[in-house]
Each structure stands twice: as structure tokens, then as C-alpha cells.
There are 2 protein chains.
Amino acid sequence: MSTYGDFEAIMLIRTPQDIGALLRESRKKAGLGQAELARRIGVSRQWVVEVERGKPRAEMGLVLRALNTLDNPLQTGLTAPYDGVADTPDIDIDAIVEAARQPR
Amino acid sequence: MSTYGDFEAIMLIRTPQDIGALLRESRKKAGLGQAELARRIGVSRQWVVEVERGKPRAEMGLVLRALNTLDNPLQTGLTAPYDGVADTPDIDIDAIVEAARQPR
DNA sequence: GGCTATTGTCAGCGATCGGCGACATTGCTA
DNA sequence: TAGCAATGTCGCCGATCGCTGACAATAGCC
């Protein structure tokens, strides 16, 4: 086992589920319970539970605060060259948008 | 001017303002207007305006979608060892929390 | 085996979100 | 200078947020 334990060195955050997983891992790594973390962030236990489960409509400000509290700030990196499916694929944008509209 | 223009290679995201700045820069870099971006993300122009201004209570899911749309996904890095002012400085957590409660 | 801490879930409530459509302001180009 | 596109702002609306407080269901420990 190395110095850094079993944490992913770099994790891409693309969905609320990613946020949830990251938050939960970080919390456990810090040896905190949901209640303690909630107290430090300034939210309810309920909030922590839901965000860890991938709640898509959580407040961004609270999420950022949570990550900062756990010493896991986000950052942007000009990661990938992007050659796969990304944007402007000439399809009906409106249709996609409509379908993507927060179902839950 | 180099190939990469005037973009920060890596930017730490700690506050909603950071998100706003990033979003705006990315949008302009992509040569998009707020209306076009909003259309692609699936939100209203209003939303884009507010988030770019640093709205703290924006939906996380929409924010992530916006960044993905602009090819600027977030990631976690074990950035810094953290020695500055960050957290658990032995002060009244509750007081800080109370003060931090989204004043808006 | 029994106990305590942790976690997941429920309902109800005030506050806020994000959308709509229109209007003022700004900026840029011709 | 005139004119158009982009941007910022307004009020109203249904939908959803996050909070409280309590109760199951696990999990981990003695």
C-alpha cells in the first residue's frame, strides 16, 4: 500500500452521482459520520443522505462547501481532447433537450 | 498569442462565483451567446445569466450539464497539502455555519 | 446475545428555484 | 448615425428544495 491509500488520484465529475460517490468516499476517508459532516457543512443529515445518493437538484453552493470541508476541492483541467460524442452533432437539439429535462 | 489563447490551464473551483466565471469564459471561448448555450443545456437564458453571476443555489445537475456541454468537465485532484486557512481551525463551527447560511 | 451508533426513510412546511414573456440597456457593425 | 444582436432585469407561476422530528433497519462492538 502506498502513501495515498486507496483513493483515486483523479476522478472526473460529470454527473450528480459522481458527486455523491466522491462525497461519500471522502467522508468515510475522513472518518466522519453523516451527522458530523452535516454539522460541519451546515446542512441537515437528510441533505447529506440525499446528495450521497446522487440527488441531481442539490444546491451547488452547498455541494462546493461540502467538498471544501472534506478537502476535496474541484478543479477544471483541459483533460481530454474530446473526440467522441460531445456536442453539436447536427441532431435535433430540441429533442435531446426535451428528453433530458430532469425526469426525477 | 499561443495556441491556447488566454485560458487558465487549471482552475480551482471553490465557490459559485468560480463556477460562474468558468462558465462565462468557456462560453465565450466557444463563441456562443447566452441564448445558444441555454438552448443546448436545456435551460432558460435567465438561468445562464444568474449562474454566470455566481448564483449559489443553482441546481448542481444543470451546472454539471452546462460544463459538460462546454467541454469543461470538473475533476478532483489531490491538489494541495492544505496549510492555509481552510477548515477546522478550532473556532466555533456553529457560529461560522450560521454566518455562512446563504444570505443571498 | 444484547446494545448503541449509524444510516435510511417518512410527512409536512416555508422558501426558493427555474421557466415564461416582455422590456431596458449595452455593444458592435455597417 | 441608425439598427440589430446580445445581455441584464422584471413579476408571476408550479415544482422542488432543505429543514424539522420521529421512526425502522443495519452495522459494529462489548
Side-chain angles (χ1 to χ4, degrees), chain A residues 6 15-70 88 92-104, chain B residues 6 15-70 93-104:
Chain A
D6 50 342
T15 70
Q17 280 84 11
D18 293 341
I19 294 281
L22 172 62
L23 195 63
R24 194 180 186 93
E25 291 238 27
S26 301
R27 175 176 62 80
K28 294 205 167 177
K29 198 100 14 187
L32 297 176
Q34 294 177 334
E36 239 309 288
L37 176 59
R39 170 176 227 78
R40 296 195 187 183
I41 304 173
V43 296
S44 65
R45 278 167 297 169
Q46 173 84 333
W47 185 88
V48 174
V49 172
E50 302 221 32
V51 172
E52 284 190 353
R53 281 179 51 203
K55 180 174 223 176
R57 317 192 50 160
E59 280 188 28
M60 188 187 56
L62 295 181
V63 173
L64 292 179
R65 193 146 79 208
L67 293 177
N68 286 335
T69 299
L70 288 168
T88 46
D92 290 77
I93 297 174
D94 301 81
I96 299 175
V97 157
E98 195 53 40
R101 285 243 162 129
Q102 308 302 90
R104 189 282 201 263
Chain B
D6 49 341
T15 70
Q17 281 84 11
D18 293 341
I19 293 282
L22 172 62
L23 195 63
R24 194 181 184 92
E25 291 240 25
S26 301
R27 176 176 62 78
K28 295 204 168 180
K29 199 97 18 188
L32 298 176
Q34 294 177 334
E36 241 308 290
L37 176 59
R39 172 176 228 78
R40 296 194 187 183
I41 304 172
V43 296
S44 65
R45 279 167 297 165
Q46 173 84 333
W47 186 89
V48 175
V49 172
E50 302 222 32
V51 173
E52 285 190 353
R53 280 180 50 202
K55 181 173 219 175
R57 317 192 51 160
E59 280 187 27
M60 190 187 53
L62 295 181
V63 173
L64 292 179
R65 192 146 79 209
L67 292 177
N68 286 336
T69 299
L70 288 168
I93 298 174
D94 302 82
I96 299 176
V97 157
E98 193 54 39
R101 284 244 160 129
Q102 309 301 93
R104 166 37 179 184

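Protein chains get the first letters and strands the later ones, always in sequence-line order, with residue 1 at the start of each.
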Q: Starting from P on D:dC10, measure out to CH2 on B:Trp47 and report it in whole angstrom.
A: 20 Å
Q.
In this structure, how many angstroms lie between the C1' atom of C:dA5 and the CZ atom of A:Arg39, rounded?
A. 16 Å
**Q.** Candidates D:dC17, D:dG8, D:dC19 - which lies nearest the side chain of A:Glu59
**A.** D:dC17
Q.
Under 4.0 Å from OP1 or OP2 of C:dG8: is there any side-chain N or O of A:Gln34 that close?
A. yes
Q: I would like to know whether A:Glu36 and A:Arg27 meet salt bridge (charged side-chain N to carboxylate O under 4.0 Å, His left out); could you show each step before the answer?
A: CA-CA 10 Å; A:Glu36 239 309 288; A:Arg27 175 176 62 80; over 6 Å; no
Q. Any sub-3.5 Å donor-acceptor pair from A:Arg57's side-chain atoms to B:Glu59's backbone N or O?
A. no
Q: Could you work out which one of D:dT9, D:dC19, C:dG18 sits closest to the side chain of B:Ala58?
A: C:dG18
Q) What nucleotide among D:dG18, C:dG8, C:dG19 has an atom nearest to a side-chain atom of A:Val49? A) C:dG8
Q: Grab the CD-P distance between B:Gln46 and C:dG21 for me, whole Å please.
A: 14 Å
Q. Judged by atom type as modelled, is there a donor-acceptor pair below 3.5 Å linking the side chain of A:Arg45 to the main-chain atoms of A:Gln34?
A. no
Q. OP1, OP2 of C:dG8 versus side-chain N and O of A:Arg24: anything below 4.0 Å?
A. yes
Q. D:dG18 phosphate, OP1 or OP2: any side-chain N/O from A:Lys55 under 4.0 angstrom?
A. yes
Q: Check the distance between D:dT9's P and B:Glu52's CD and give it to me in whole angstrom.
A: 12 Å
Q) Looking only at heavy atoms, what is the nearest atom pair of A:Trp47 and A:Ile41, with distance? A) CZ3-CD1, 4.2 Å
Q. Taking for each residue the nucleotide of DNA chain C bearing the nearest heavy atom, is the 5' side occupied by B:Arg45 or by A:Arg45?
A. A:Arg45
Q. Is the shortest side-chain N/O distance from A:Arg57 to OP1 or OP2 of C:dG18 below 4.0 Å?
A. no
Q.
Using side-chain contact (heavy atoms from CB on, under 4.5 Å), reason through A:Ile19 and B:Leu64 one step at a time and then give a plain yes or no.
A. CA-CA 10 Å; A:Ile19 294 281; B:Leu64 292 179; 4.1 Å; yes
Q) Between A:Arg27 and C:dT7, does any side-chain N or O lie under 4.0 Å from OP1 or OP2? A) yes
Q. Can you check the A:Lys28 NZ to D:dG28 P distance for me, whole Å?
A. 9 Å
Q: Round to the nearest Å and state the distance from B:Met60 atom CE to D:dC17 atom P.
A: 11 Å
**Q.** Length of the line joining A:Leu62:CG and D:dG18:P, which is rounded to integer Å
**A.** 6 Å
Q | Interatomic distance, B:Leu32 CG vs D:dT7 C1' [rounded to whole Å] | A | 15 Å
